[in-house]
Undergrad: 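I'd like to ask some things about the structure below.
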Amino acid sequence: MTNRHAEKIDRNEFLKSLGLKGAALFAVYCTGATLSSCQNENSVTPNPTGELLKLDLTTTAASALKNVGGYIRQNNVVLAKVSATEYVAVTQTCSHEGRQEIVYMNSQFYCTAHGAAFSKTGAGLNSNGRSGIKVFQVSISGNILTVTNN
Ligand code: FES
């Protein structure tokens, strides 16, 4: 066991001894002087700019988008059909620790790694999602849907 690991255990035990647990314990770690438990947020790679995805909505590749609530993940984009006439595209890379585990479920974007949740406008809905998520522009011309990052 390294000294640093031993130090974290000691701090954790100390905080628990103060009666802190759950969300309160997490908040202490994330707002502490060293930010040692949340440092990976700063290493999330930004998305490329320009056209990210072009999709013919009549093809089988887009079949998951036929029903409201359906979504596809392609080219680091999560594209969801959020209403009968509206699509929303966000990055597949989570703002929490950069894992590419964003899905669309229960009318929100959700990271299966640690549970970060985001609204359809990209706003964070819980502590792990507090940094929000990048929303891309979606345009439709005929049957062709295009996702761009300007
Ligand atoms: S990487 Fe932690 S919630 Fe997404």
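Atoms within a ligand are numbered from 1 in the order they appear, just like the ligands themselves. Fair warning: this is a prediction, and the values are worked out from it, not measured in the lab.
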Undergrad: For Cys111, take its heavy atoms, then give the atoms of ligand 1 lying under 4.0 Å from any of them.
TA: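 Counting atoms of ligand 1 from 1, those under 4.0 Å from Cys111 are 1 (S), 3 (S), 4 (Fe).
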Undergrad: For a 4.5 angstrom cut-off between non-hydrogen side-chain atoms, does Leu145 reach Val138?
TA: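 Side-chain contact under 4.5 Å: yes.
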Undergrad: With a 3.5 Å distance limit and no angle check, can you tell me whether Arg73 reaches the backbone of Ile102 through a side-chain donor-acceptor pair?
TA: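 Side chain of Arg73 to backbone of Ile102: a pair is present.
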Undergrad: Would you mind naming the N, O or S atom of His96 nearest to atom 2 (Fe) of ligand 1?
TA: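 Result for His96 and atom 2 (Fe) of ligand 1: ND1.
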Undergrad: Could you tell me if the side chain of Leu57 sits less than 4.5 Å from the side chain of Tyr87, heavy atoms only?
TA: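 SC-SC contact between Tyr87 and Leu57 confirmed.
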Undergrad: Considering the heavy atoms of Cys94, write down every atom of ligand 1 situated less than 4.0 Å from one of them.
TA: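 What qualifies from ligand 1 is 1 (S), 3 (S), 4 (Fe).
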Undergrad: So does Ile133 get a backbone contact from the side chain of Ser95, meaning a donor-acceptor N/O pair under 3.5 Å?
TA: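 Judged by distance alone, no pair lies under 3.5 Å.
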Undergrad: Please tell me whether Thr148 and Glu51 have a donor and an acceptor in their side chains that are separated by less than 3.5 angstrom.
TA: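 There is no such pair between these side chains.
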Undergrad: Quick one: which ligand 1 atoms are inside 4.0 Å of a heavy atom on Arg99?
TA: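 By the 4.0 Å cutoff, the relevant atoms are 1 (S).
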Undergrad: Which of the atoms in ligand 1, numbered in the order shown and given with their element, are less than 4.0 Å from a heavy-atom of Ala116?
TA: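 Within the 4.0 Å cut-off of Ala116, ligand 1 contributes 3 (S).
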Undergrad: Find, among atoms of His114 that are N, O or S, the one nearest to atom 2 (Fe) of ligand 1, and state its name.
TA: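 Restricting His114 to its N, O and S atoms, the minimum distance to atom 2 (Fe) of ligand 1 goes to ND1.
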